Amino acid sequence: MDRTGAAGPRRRFWGWGHEGRGPGPDQQAGIARVLSERFGVALPPPIPEPRIEDVVLPVPRVAPPASLAHLCSTDREDRAGHAYGKSFRDVVRALRREFPNPPDVVARPRDEAEVAALLEWCGSADLVAIPYGGGSSVVGGVEPPREARRGVVTIDLGALDRVLEVDRTSRAARIQGGVLGPSLEDQLRGHGLTLRHFPQSFEFSTLGGWIATRSGGHFATLHTHIDDFVESLRVVTPAGLVETRRLPGSGAGPSPDRLFIGSEGILGVITEAWMRLQDRPRLRASASVAFADFLAAAEAVRAISQSGLHPTNCRLLDAGEAATSGAGSGGENVLVIGFESADHDPAARMARALEIARDHGGVVPPDAGRTRADESAGREGAVGAWRDAFLSGPYLRDVLVRLGLVVETFETAITWDRFPAFHRELMAATGDAVRRVCGAGQVTCRFTHVYPDGPAPYYSVIAPGRPGSQLEQWAEIKAAASETLLRLGGTITHHHAVGRDHRPWYDDQRSDLFARVLFAAKQSLDPQGLLNPGVLIG
Ligand SMILES: Cc1cc2nc3c(=O)[nH]c(=O)nc-3n(C[C@H](O)[C@H](O)[C@H](O)COP(=O)(O)OP(=O)(O)OC[C@H]3O[C@@H](n4cnc5c(N)ncnc54)[C@H](O)[C@@H]3O)c2cc1C
């Protein structure tokens with residue numbers, strides 16, 4: 001049994017994934033050697049993984065009523081495991097064995113009535129309630145607020161993990177909010193259907209979390225966010241249940257679904273959703289195209305995104321990013337492009353996309369882009385290297401944190417007309433901050449999603465940290481990057497959500513009047529302000 005009560009390997013309470021997975025000691029030593037050479041510094045030995053016995057927690061301030069006690073845990077590992085999300089900041093603090101502010105109680109409701117009962121308890125005892133899916137938030141979305149004087153109950157939705165109904169005709173399913181990505185796909189597989197929503201955190205994030213954060217997934221174009229797949233919702237709020245109507249489309253006023261999509265747990269608990277599904281693709285074509293110049297490659301991506309071809313994958317990696325993932329040698333920028341279909345051969349669309357790439361100076365390897373019907377399509381060569389690096393990335397990130405590095409990402413979006421100057425200035429400002437704060441380091445960029453009117457660039461920072469100062473170092477770099485991207489017209493987040501960590505910049509980005517509207521919605525649904533205070537508003 002793991003700490004969530006489910007059979008299977010144990011989840012790490014302090015970082016990403018399952019215990020025992022990720023790079024082993026030899027690989028860690030190799031990684032340390034490469035990075036020491038790259039940055040010209042000797043990296044310290046990795047900080048040992050914390051053991052739960054080393055962690056001291058404050059005594060819980062509240063105890064559940066007898067009627068809910070069977071759903072609630074005050075176990076040390078449970079509370080520590082729900083104290084943080086999975087950002088760099090979270091892992092650094094957990095590695096320091098610092099857990100000053102865990103939830104007092106972790107509750108695991110098994111149905112909607114129990115969710116409602118837990119909210120009722122929180123209301124009557126004036127407790128903070130934090131909806132919790134997989135806990136993969138990287139923006140402080142599941143962390144108890146520091147200023148909470150009252151007790152905190154984290155409502156872990158992991159037991160709401162079933163696909164309840166499949167409508168094959170309309171290609172949709174009614175799915176509970178707490179289901180993790182792999183289990184969701186397992187339950188749909190027998191029906192020949194898939195949600196095809198694969199954020200990098202897929203293995204340890206949930207449907208409800210994806211909807212609550214407007215997560216960005218598999219599709220690099222067209223259906224980039226979870227939003228488009230939501231057909232209807234059930235949300236338990238302190239003021240009652242909200243259920244929206246299953247419709248393929250509707251013009252009946254502002255969309256109630258859209259009010260809850262992206263609400264980050266401040267308006268209610270998403271217990272169920274009808275989701276639009278896809279047939280499982282049978283035919284896939286993928287290719288990698290090399291470009292000498294990043295901005296020329298970006299122009300190729302613009303042309304492809306405006307062509308109406310709608311590639312499933314269209315991820316541009318700059319030279320540093322390509323080298324890190326093994327998709328390039330470090331001298332070239334790499335565009336990973338893919339099409340897939342359950343219905344027709346995407347060969348013609350791939351051929352046209354590669355033609356566009358060539359017209360913009362891209363070098364297309366011979367035989368690239370062939371349609372394949374076997375599962376290994378997209379798992380070989382540069383495309384496969386990128387995919388493997390994407391999947392193992394979170395485990396590697398935790399090893400880098402243990403080696404004392406400052407290693408984090410941020411993402412944004414900007415229209416194409418402003419992209420070249422935006423990218424230049426953002427890279428310069430972030431690079432300057434990295435050198436000033438860390439002495440050396442690397443900033444790289446890739447496009448995670450692209451739209452006809454602009455890309456969503458995603459920046460990765462890796463730099464040697466000063467022992468004991470990594471958090472302050474990252475805070476300075478993050479502030480420099482965030483201020484620059486906001487000043488230049490970007491968004492503070494494209495798909496990682498706002499949480500608590502992005503508040504200063506989100507508050508600048510949105511209008512005061514919109515903040516008042518959101519606050520009014522919150523007051524109607526959660527008049528006592530129980531749910532996730534400090535996230536988005538308040
Ligand atoms: C290594 C890594 C890679 C990532 N890659 C991606 C990526 O590719 N794309 C992407 O979009 N994000 C990514 N993220 C961020 C994160 O995985 C997403 O925000 C994800 O949607 C969170 O889902 P979760 O179930 O883990 O939610 P949690 O982290 O548990 O919660 C996130 C927020 O949603 C609220 N919430 C959770 N469940 C519910 C519910 N049922 N009802 C109401 N509110 C709820 C919480 O209160 C919190 O505010 C990544 C994170 C990590 C650590």
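Model, not experiment: these values are computed from the prediction. Throughout, numbering of the chain's residues begins at 1 and tracks the sequence. Just so you know, ligand 1 is whichever comes first in the structure, and atom 1 is the first atom listed for that ligand.
Contacts between Asn532 and ligand 1, counted as non-hydrogen atom pairs separated by less than 4.0 Å, involve the side chain only. Residue Val138 touches ligand 1 through its side chain alone, judged by heavy-atom distances below 4.0 Å. If you look at Thr213 next to ligand 1, the close heavy atoms, those under 4.0 Å, all belong to the side chain.
At least one heavy atom of Trp16 sits closer than 4.0 Å to an atom of ligand 1. The closest approach between Gly85 and ligand 1 stays at or above 4.0 Å for every heavy atom of the residue.
Within a 6.0 Å sphere centred on CD of Glu98, heavy atoms belonging to other residues, nucleotides or ligands number more than 12. Residue Arg245 qualifies as open at atom CZ: its count of foreign heavy atoms under 6.0 Å is 12 or below. For CZ of Phe519, the number of neighbouring non-hydrogen atoms (other residues, nucleotides, ligands) closer than 6.0 Å is 12 at most.
For ligand 1, the polar-atom distance check against Glu264 finds a nitrogen or oxygen pair separated by under 3.5 Å. Inclusion of Gly135 in the set of residues having an N or O under 3.5 Å from an N or O of ligand 1 is warranted.
Aromatic rings of Tyr395 and His18 (six-membered ring for Trp) have centroids beyond the 6.0 Å cut-off, not under it.
Closest to atom 35 (C) of ligand 1 among all protein heavy atoms lies Ala212 CB, 3.8 Å.
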